[in-house]
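Here the structure is laid out as C-alpha cells; the discussion comes afterwards.
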Amino acid sequence: MTARPDETTQLVGRQCESGDLLVGGLPLPAPRVGDLIAMPVTGAYTYTLANNYNGALRPPVVFCRDGEARVVAERETHEHVLALHRPALDLTW
C-alpha cells in the first residue's frame, strides 16, 4: 500500500472475454505474484450476482472496519461446486 505507482493499468474482470473493465487508467506499482486489490464495489461481480461461468470460483467476501477483517463468505472451492451436482452426476440409477 505504500509503494509508489509506476504503471498505469487497467483492472479487468475474469468473466467476459471481451470487456469487463472495472477500472481504467489506474496508477499502480508493478504487480507481483500474491498482490491483492480490494474493491468496495464491483457491479455484476458482487457476491449476489456471482456465477460459475467458465468454471470461475467465487472469491471470499471479507468485511473490513477499523483495521479488523472478518470473512463472511468462504472462498468457493471445486469441491463446493461439485457437491451441488453430485446427485445429478450419480449414474448408478
Side-chain angles (χ1 to χ4, degrees):
M1 288 182 52
T2 59
R4 175 168 273 196
D6 56 3
E7 294 186 10
T8 301
T9 63
Q10 294 188 61
L11 184 59
V12 299
R14 60 184 186 160
Q15 307 292 15
C16 182
E17 292 83 5
S18 63
D20 285 352
L21 178 64
L22 300 173
V23 180
L26 180 65
L28 285 176
R32 295 184 316 241
V33 172
D35 285 353
L36 298 174
I37 295 178
M39 294 204 42
V41 178
T42 56
Y45 283 89
T46 60
Y47 189 77
T48 55
L49 294 175
N51 61 58
N52 293 109
Y53 175 74
N54 282 347
L57 300 175
R58 292 171 183 89
V61 176
V62 181
F63 288 172
C64 302
R65 180 174 59 187
D66 299 328
E68 298 289 323
R70 178 172 50 118
V71 175
V72 296
E74 291 183 21
R75 179 183 308 274
E76 191 172 53
T77 66
H78 291 289
E79 289 76 22
H80 290 134
V81 175
L82 290 174
L84 297 172
H85 300 288
R86 279 202 180 101
L89 294 175
D90 181 7
L91 302 178
T92 60
W93 52 274

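Judged as a side-chain contact (heavy atoms from CB on, under 4.5 Å), and not counting sequence neighbours, the contacts of Ala3 are Pro29. Partners of Pro27 under the side-chain contact (heavy atoms from CB on, under 4.5 Å) rule, at least two apart in sequence or in another chain, are Pro5. Listed by chain and residue number, Leu11, Leu28, Met39 satisfy the side-chain contact (heavy atoms from CB on, under 4.5 Å) test with Ile37 (two or more places apart in sequence, or in another chain). Considering only residues two or more places apart in sequence or on other chains, Thr77 meets the side chain to side chain donor-acceptor pair (under 3.5 Å) condition with Glu79, His80.
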Below 3.5 Å, can you tabulate the donor-acceptor pairs from side chains in residues 68-76 to any protein atom, sequence neighbours excluded?
residue, atom, partner, partner atom, Å
Glu76, OE1, Asn52, ND2, 3.0
Glu76, OE1, Arg58, N, 3.0
Glu76, OE1, Arg58, NH1, 3.2
Glu76, OE2, Arg58, NH1, 2.7

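At least one donor-acceptor pair closer than 3.5 Å links the side chain of Thr9 to the backbone N or O of Leu26.
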